[in-house]
Amino acid sequence: MVETQHHHRPTLKQQNKPFKSRHTTKSALKEAAKGRVTRQSPKASVASKNAAQTRLNRRNNAKQAQTVKRNALVSATRVFNGVDGAPRIVAVIPLTEDINTRSVVCSLAQALDVSTDDCPEYGLWKMRAERFKTSLQFFSVPYRRIYAALDLCKVADYVVFVLSSTVEVDPWGDTLLRTLQAQGLPSVVSVLAPNESLDAKSRPGVLKSLLSFMQYFVPSQTRVFDLHAPADRLNAVRALAEGKPADVRWREGRACLLAEHTEWEDGVLKVTGVVRGAPLSAKRLVHLPNYGDFQMYKILSAPITKPGKMELESAVLCEAGDDVDSLVSTNDPDDMANEQTWPTEEEMQGSTAAATERAPPDAKQGTTPKLVRRVPKGMSEYQASWIIDESDDGSDDDEDKEGSEDGGDEAMDDVAQEDEEEMEDLVVEEDHEMETGSRRSVAFQDLDNEEEAKQLETWRNRKREEEDDLMFPDEIDTPQDISARIRFQRFRGMRSFRTSPWDPYENLPRDYARIFQFEDFKRTERSVRRRADEEQGVVEPGTRVTVFLRGVAQEAAEANLAPVVLFALLQHEYKVSVLNFTVQRNTEYDGSVRSKDPLVLCVGPRRLRVNPIYSQHTRGGGKGANNVHKFERFLRHGSTSVATTYGPIVFGKQPSVWLRETDDPQAPQLVATGTFLNPDTTRNIAKRIILTGHPYKVHKKTATVRYMFFNSDDVAYFKPIQLHTKHGRTGHIRESLGTHGYLKAHFDGPINQMDTVCMSLYKRVFPKWAQLYKETDTARPLHAPDAMEE
């Protein structure tokens, strides 16, 4: 027998790591390579050749970028430079009630030793800043004039927010700041109103607190200027007079004008001011806030006459030709386009004669049957109408008969005799037109004021409705007094919400015959902007002109506290279509916002009274296979929705502000903010309702369902529509059971008796027609005189 020697497994042997040197010798590298030669990469060779020029290229690129920025700055500020340069528009907005705007403007003017004798309390005042070789045009608005502040900030280059050292900013000022933040702010300068009573020791703490407050709304703010200190006054003027104002994106490519002087004569409004933003063309329309869109028929130059020089004559700079934009913003619906022909006169006369032969003759006067009612003495006919006539109900008579058979005839006769003495006969004419199928009446109970107010508040409790909709979305109870196939005849079933086809031109309302639709909106926008850039015979920005507008009301020239601002519209921007906006609710607004609630929409230069409807914003902004989007009954916090309404189209990503009116017209509530999405008229907003039923009896995949319908005809009508449960099962109706609306349904899996059977129905919904908003009176139709016929 041969003995074998035992050996351990190789894995148990200890192997020390070899020594690794950071600095290997050349001989060791050659030995490791063993004659192999490393090939150099072509990219590495190119990089090595350009390595010497890398630093020079970086310097050259930095120099070119610096030159481009400098040229852009010079080009942007060229309109303000020189003696004849355009003034910088400065909006002075007070945020508290104790602020005197005139004292603020005078403090800024004192920094340059400019006389302020002609400075008004509110309105426009121009100051020449010789030290900075520019002009400043201050416009002060009163406190709590929110719409004047919004219009002024749309055209201003700088906004001066005036804060107080003794009074905190109230909710109105907070709403104004949030609204301006959503609308788009130009360069902002925050100042502390001059106050002699504030001691020097408290000023740094007050300024620090106010800066923290302003940075919440305008994060770019680095300081709050104290107008009590001469150095801060000069620095505030320097911030207004030097540099380039911040750009507001939605104003790019749009001309605007702040009126320095207005004059009205025979329906023609003459507005004098400096063209700003973009070239102004007389072919385009202009929008005047609170009054609408108007045509320009000529633009004259309005040079400033300097002291000691000859007065310059006005010259025609631009005239409207034959291709001026029309004021027709809606189509005229052709009601006869899809209707049958009218009957002839002979047919109408024949049908009238036939109807006359079949009609029963009228009753002779005085033959209307009378109704004699037994009522207490002294009661009028009106009071007697509330008394229930028990003789109309046969069941009551039967009960009385049964009671009399029990031996109570004598007692009943005594009571009847006593009642007969206190009753009288009241003759009442029967009103056959008001009779219903059932003669049973309901007793009227006149509640006291406290209980009536309590029940009214319960009925109007939107918060309760919103909570119910959040807990049971879209679920409703099937009515028992009316057939479901009649109540929900406008609804339809869909197998798949995202893929089932739905014709976007099916059963459209009459308002859709009045709106405009674009085949390719993006392409239209590009062509409109290109033509605007290439248009000839326009007035360049920085030119002082007088614009003549036709058909303007005289009250437009009498606005003394609010600014008169003209905004030029691009081509097609006056045509009404279906507008879609992405909106987010204001986090500070805790009220209920329901679809079709009246709101004030501020988009671009316009303000409209709208009743928007809300729908889900598809992830990624896509349309899906059928462009169907679910209707939302409420606008909720924390999510982005799409608001749809009628209105004139706008080009670009215009910001939108949604306000709700209160008892104070100048103190609306900020409900939501958003951005213009598109004017898609084929967007199908489908309202969903869910009919629910209870699985009464269950056997594996089959269940008997009740309370979804209440008659067999409804079950047969809705039989093709698919069912689903809250636990994820799907199924169909097999047959109707009995006459009370019970049905048998089969599902794709075992169903639990604690589950709920649901049926989803859909109906397309549309918004209401928009109206032009005006501060002083009620809403009026949007552009077209027949806009509110519906």
Side-chain angles (χ1 to χ4, degrees), residues 87-112 114-129 135-164 167 169-170 172-173 175-177 179-180 183 185-186 188-195 225 227 233 236-237 240 256-264 269 271-274 276 288-291 554-566 607 664-668 774-776:
R88 297 170 185 258
I89 302 175
V90 180
V92 182
I93 309 295
L95 296 180
T96 55
E97 191 174 3
D98 63 329
I99 291 176
N100 185 358
T101 56
R102 185 181 185 278
S103 64
V104 174
V105 176
C106 292
S107 298
L108 296 174
Q110 288 175 4
L112 301 178
V114 177
S115 175
T116 58
D117 296 337
D118 57 344
C119 180
E121 184 72 20
Y122 301 108
L124 188 67
W125 184 68
K126 186 176 179 180
M127 179 186 74
R128 177 65 185 174
S135 299
L136 298 177
Q137 199 172 39
F138 294 96
F139 199 106
S140 304
V141 295
Y143 178 71
R144 294 184 71 88
R145 292 295 298 271
I146 185 169
Y147 294 114
L150 293 180
D151 291 338
L152 183 59
C153 291
K154 291 176 183 178
V155 72
D157 298 312
Y158 295 91
V159 178
V160 175
F161 288 120
V162 188
L163 302 166
S164 174
V167 180
V169 178
D170 59 358
W172 180 89
T175 301
L176 175 62
L177 288 173
T179 306
L180 290 174
Q183 174 182 281
L185 275 171
V188 175
V189 176
S190 303
V191 300
L192 177 63
N195 188 0
F225 298 99
L227 297 186
R233 289 201 295 263
V237 176
L240 299 174
C256 57
L257 185 145
L258 175 63
E260 301 176 6
H261 175 70
T262 57
E263 181 182 353
W264 186 89
L269 179 64
V271 182
T272 302
V274 179
R276 305 296 303 276
L288 188 62
N290 296 332
Y291 299 99
Q554 185 176 1
E555 58 183 353
E558 300 173 354
N560 50 0
L561 297 180
V564 178
V565 183
L566 298 182
R607 280 193 295 272
D664 185 358
Q666 293 296 331
K774 190 175 182 181
E775 298 181 49
T776 55

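Numbering starts at 1 and runs along the sequence shown.
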Table please: side-chain donor-acceptor pairs of residues 140-150 below 3.5 Å, with sequence neighbours left out.
| from | atom 1 | to | atom 2 | distance (Å) |
| --- | --- | --- | --- | --- |
| Y143 | OH | D170 | OD1 | 3.2 |
| Y143 | OH | D170 | OD2 | 2.4 |
| R144 | NH2 | D664 | OD2 | 2.7 |

Taking C-beta and beyond as the side chain, do [X] and [Y] meet within less than 4.5 Å on heavy atoms?
X    : Y    : answer
L124 : L258 : yes
P186 : V159 : yes
L288 : V271 : no
T262 : E558 : no
L112 : M127 : yes
V105 : T101 : no
W125 : V92  : no
F139 : I89  : no

Practice prompt. Show your reasoning for whether side-chain contact (heavy atoms from CB on, under 4.5 Å) applies to L240 and V160.
Written response: CA-CA 9 Å; L240 299 174; V160 175; 4.1 Å; yes
Could you list the residues that satisfy side chain to side chain donor-acceptor pair (under 3.5 Å) with [X], not counting sequence neighbours?
X    : result
Q137 : E260
W172 : none
T116 : none

Heavy-atom closest contact ([X] atom, [Y] atom, distance):
X    : Y    : value
L176 : L95  : CD2-CD2, 4.2 Å
A111 : V237 : CB-CG2, 4.2 Å
Q183 : C153 : NE2-CB, 4.1 Å
V162 : V104 : CG1-CG2, 3.6 Å
Y291 : E555 : OH-O, 3.4 Å
V564 : A556 : CG2-O, 3.9 Å

Worksheet item: Sub-3.5 Å donor-acceptor pair from the side chain of R88 to the main-chain atoms of L136, do we have one?
Response: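 Absent.
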Fill in: Qualifying salt bridge (Lys or Arg N to Asp or Glu O under 4.0 Å) pairs with a residue from residues 150-164, counting only residues at least two apart or across chains
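Applying salt bridge (Lys or Arg N to Asp or Glu O under 4.0 Å) to every pair that reaches into residues 150-164, excluding sequence neighbours, yields D151-K154, D151-R607, D157-R276.
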Worksheet item: How would you list all residue pairs meeting salt bridge (Lys or Arg N to Asp or Glu O under 4.0 Å) that involve residues 91-107, not counting sequence neighbours?
Response: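 Those involving residues 91-107 do not exist here.
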Worksheet item: How long is the span from the OG atom in S103 to the CD atom in Q110, to the nearest 0.5 Å?
Response: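 So the OG of S103 and the CD of Q110 are separated by 10.0 Å.
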Worksheet item: Rounded to the nearest 0.5 Å, what separation is found between the SG atom of C119 and the NZ atom of K126?
Response: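 Rounded to the nearest 0.5 Å, the SG-NZ separation comes out at 15.0 Å.
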Worksheet item: So F161 and V169, side-chain contact (heavy atoms from CB on, under 4.5 Å) or not? Walk me through it.
Response: CA-CA 11 Å; F161 288 120; V169 178; over 6 Å; no
